[in-house]
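See below for the structure under consideration.
All values below were derived from every heavy atom in this structure, side-chain atoms included, with hydrogens, water molecules and symmetry-related copies excluded. The first residue of the sequence shown is numbered 1, and numbering continues consecutively from there.
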Amino acid sequence: MAETLFEELKRYVGFTAGDEAALRSIYPHAHPELTRIADVFYRRILDHEGARKALEGGESTVGRLKITLVAWMDSLLQGPWDEAYYERRARIGRVHVRIALPQQYMFGAMNVLRQQLNDVLDQHFLESPSELRATRLALGKILDLELAIMLHTYREDLLAQQSRVERLSTFGQLIGSIGHELRNPLSVIETSLYILKGRTDKDERAQKHVARIGEQLGIANDIITKLLDMIRDKPLQRSPVDVAALAHGVVDALPRPPGVSLHFAGMEGLPDVPGDPVQLRQVLVNLVENAIHAASPSGRVQISGATLDGAVHLVVEDSGKGVDDAVRARLFEPLITTKAKGIGLGLALVKRIVERHGGTLGYQRSSLGGAAFWVKLPFGG
Ligand code: HEM
């Protein structure tokens with residue numbers, strides 16, 4: 001059987017059964033210290049203005065993270081250092097990648113653990129230099145392995161990004177030409193359909209099918225429009241936009257099942273945003289459509305507004321299932337979709353439009369249980 005990455009890494013650092021035994025011999029001495037070490041670890045992060053940012057605004061509290069770090073150190077010293085161990089570590093690495101934690105902080109963070117655990121070794125094995133040396137070596141190797149796994153998850157992410165970029169540049173060129181080429185046959189179908197419509201007056205089944213073809217044509221045209229919008233940045237036609245009126249207009253125009261209720265909060269008195277009303281409408285259409293889809297067949301969608309730091313802050317949230325962890329980091333990238341029938345352009349387009357308005361957007365869990373997408377659109381200048 002081919003060597004796994006973890007086996008290869010262990011071979012490279014020379015991690016042996018002797019190291020495993022040495023780590024296990026550290027455990028009883030380190031165990032009472034682990035909570036204290038976790039405190040030192042997070043204190044160091046909180047003391048650093050850059051690293052601290054990763055902990056702000058996240059869903060995890062430092063209290064919870066300390067518990068997970070103690071569990072991490074528990075298995076660091078007890079093993080078994082097998083493939084399941086590797087997978088667990090890689091999963092943790094991907095959590096850091098998902099929250100876009102800059103990888104340079106990993107070295108400093110690992111060093112805190114190295115120093116703290118080495119202090120434990122100094123205290124307990126000072127009388128026995130050979131044990132001190134063996135445990136120090138084993139600790140060094142496993143912490144290097146941990147760093148290697150962590151950095152590997154960043155590399156995985158980089159490679160995935162690269163292949164997406166390549167896919168997209170070819171994709172972009174293809175879309176441009178295919179999109180344009182498809183418009184012609186679709187418009188011929190549309191004209192013929194219009195003529196046919198006038199001749200099916202008395203045939204109900206034919207009428208039904210003509211209507212169905214019309215609907216599907218609409219969907220096909222819509223996909224092409226979104227694709228073309230993605231690749232050519234339409235210039236913004238700015239004017240003062242009343243976002244609340246826009247949101248009400250969008251809600252009135254979008255179909256929704258009777259079981260999905262729609263609510264507005266804090267939308268009165270929001271300042272106008274200097275923006276392109278057509279493109280901003282598209283932002284709201286995509287977000288509200290997604291929310292209705294997520295809350296269907298029965299649930300709740302809420303659109304709320306507030307003024308915050310010179311920007312109109314809009315939140316569109318739903319009582320659906322929320323976004324899967326695996327998709328979260330890539331949510332606003334093209335071709336990423338959570339819908340069975342989606343092609344993954346809606347949110348990418350939303351991001352593009354919001355950013356071209358100088359705004360920002362993001363995702364968080366909604367208190368309604370599902371997804372909450374927020375958009376900040378600056379209104380000053
Ligand atoms: C030696 C380095 C590190 C280790 C061993 C480590 C360990 C862990 C573990 C075990 C988790 C829990 C993962 C899960 O929920 O399954 C976690 C999550 C997290 N870590 Fe680290 N971590 C390290 C470095 C850092 C650094 C340097 C920061 C910040 C500057 C950081 C910030 C976070 C945050 C914010 C989460 C929670 C993410 C979320 O749940 O949304 N970690 N880490």
Side-chain angles (χ1 to χ4, degrees), residues 5-52 54-55 60 62-82 84-93 95-97 101-155:
L5 177 71
F6 194 37
E7 284 163 350
E8 188 211 325
L9 288 170
K10 283 197 279 194
R11 183 163 57 80
Y12 184 65
V13 301
F15 187 77
T16 61
D19 294 309
E20 296 189 354
L23 288 176
R24 289 202 180 96
S25 76
I26 300 175
Y27 182 70
H29 308 295
H31 177 68
E33 305 288 331
L34 297 185
T35 305
R36 183 191 58 74
I37 295 177
D39 284 342
V40 176
F41 181 91
Y42 281 101
R43 172 74 12 235
R44 189 68 69 83
I45 291 177
L46 291 169
D47 280 348
H48 184 282
E49 65 298 339
R52 186 173 57 224
L55 298 178
S60 301
V62 170
R64 186 187 83 83
L65 286 177
K66 279 183 190 165
I67 295 169
T68 61
L69 186 66
V70 168
W72 184 91
M73 289 186 282
D74 263 327
S75 66
L76 177 86
L77 299 174
Q78 292 188 99
W81 300 268
D82 53 11
Y85 180 93
Y86 173 82
E87 275 312 317
R88 278 200 310 277
R89 292 334 214 200
R91 226 175 4 248
I92 294 168
V95 169
H96 294 124
V97 172
L101 178 65
Q103 64 208 59
Q104 64 268 27
Y105 295 133
M106 285 307 164
F107 293 87
M110 201 62 85
N111 208 37
V112 171
L113 298 180
R114 206 182 290 272
Q115 283 168 3
Q116 293 297 319
L117 290 168
N118 268 323
D119 284 351
V120 172
L121 301 188
D122 286 342
Q123 277 170 30
H124 293 280
F125 297 109
L126 211 52
E127 303 298 311
S128 161
S130 63
E131 265 186 286
L132 180 62
R133 185 180 139 73
T135 48
R136 221 189 259 295
L137 274 176
L139 183 65
K141 288 179 194 175
I142 191 65
L143 291 179
D144 283 351
L145 283 169
E146 291 288 355
L147 259 185
I149 298 172
M150 270 184 193
L151 295 188
H152 182 74
T153 56
Y154 281 92
R155 185 177 143 77

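- A heavy-atom distance below 4.5 Å is not found between the side chains of I67 and R64.
- The minimum heavy-atom distance between L46 and R52, with the atom names listed, is O-NH1, 2.9 Å.
- One distance of note links CG of L69 with OG1 of T35; it measures 10.0 Å at 0.5 Å rounding.
- Identified under the side chain to side chain donor-acceptor pair (under 3.5 Å) test for residues 65-75, with sequence neighbours left out: Y27-D74, D39-K66, S75-R89.
- Atom CG in L137 sits 9.5 Å away from atom CG in L132 (nearest 0.5 Å).
- The shortest distance between side-chain heavy atoms of L151 and R155 does not fall below 4.5 Å.
- Heavy atoms of other residues, nucleotides or ligands lying less than 6.0 angstrom from NE2 of H29 number more than 12.
- Dense packing is recorded around CD of Q104, with more than 12 heavy atoms of other residues, nucleotides or ligands lying under 6.0 Å away.
- Remark: I45 CD1 to R43 CZ distance equals 10.5 Å, nearest 0.5 Å.
- Annotation: ring-ring contact (aromatic ring centres under 6.0 Å, His included) contacts of F41 (sequence neighbours excluded): none.
- Panel note: side chain T153, backbone M150; a donor-acceptor pair is recorded below 3.5 Å.
- A22 and A138 make their closest contact through CB-CB, 3.7 Å (heavy atoms, listed as atom of the first residue, atom of the second, distance).
- Two residues are said to be in side-chain contact when any heavy atoms from C-beta on lie closer than 4.5 Å; L139 and N118 meet this criterion.
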### Task
Test salt bridge (charged side-chain N to carboxylate O under 4.0 Å, His left out) on D122 and R136 and set out the steps.
CA-CA 9 Å; D122 286 342; R136 221 189 259 295; 2.5 Å; yes

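- Between the CD1 atom of I92 and the CD1 atom of I149 there is a distance of 9.5 Å, given to the nearest 0.5 Å.
- You'll find the side chain of L23 reaches within 4.5 Å of the side chain of W81, heavy atoms only.
- Using a 4.5 Å cut-off on side-chain heavy atoms (C-beta onward), Q116 and R36 make contact.
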### Message
With side-chain contact (heavy atoms from CB on, under 4.5 Å) as the criterion, how do Y86 and L145 come out once you've worked through the C-alpha distance, each side chain's angles and the decisive distance to 0.1 Å?
### Response
CA-CA 10 Å; Y86 173 82; L145 283 169; over 6 Å; no

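- P32 and P28 make their closest contact through CD-O, 3.3 Å (heavy atoms, listed as atom of the first residue, atom of the second, distance).
- Classification of D82 and R88 as a salt-bridged pair fails, no side-chain N sitting under 4.0 Å from a carboxylate O.
- Pairing each heavy atom of L77 with each of A30, the nearest pair is CD1-CB, 3.6 Å.
- Side-chain atoms of N111 do not come within 3.5 Å of backbone N or O of F107 as any donor-acceptor pair.
- Side-chain atoms of L76 and L143, non-hydrogen and from C-beta on, do get closer than 4.5 Å to each other.
- The shortest side-chain heavy-atom distance between L117 and I26 does not fall under the 4.5 Å cut-off.
- Shown here are the side chain to side chain contact (heavy atoms under 4.5 Å, CB included) partners of R44, two or more places apart in sequence or in another chain: V112, Q115.
- In summary, the aromatic rings of Y105 and H96 are positioned with their centroids too far apart to meet the 6.0 Å limit.
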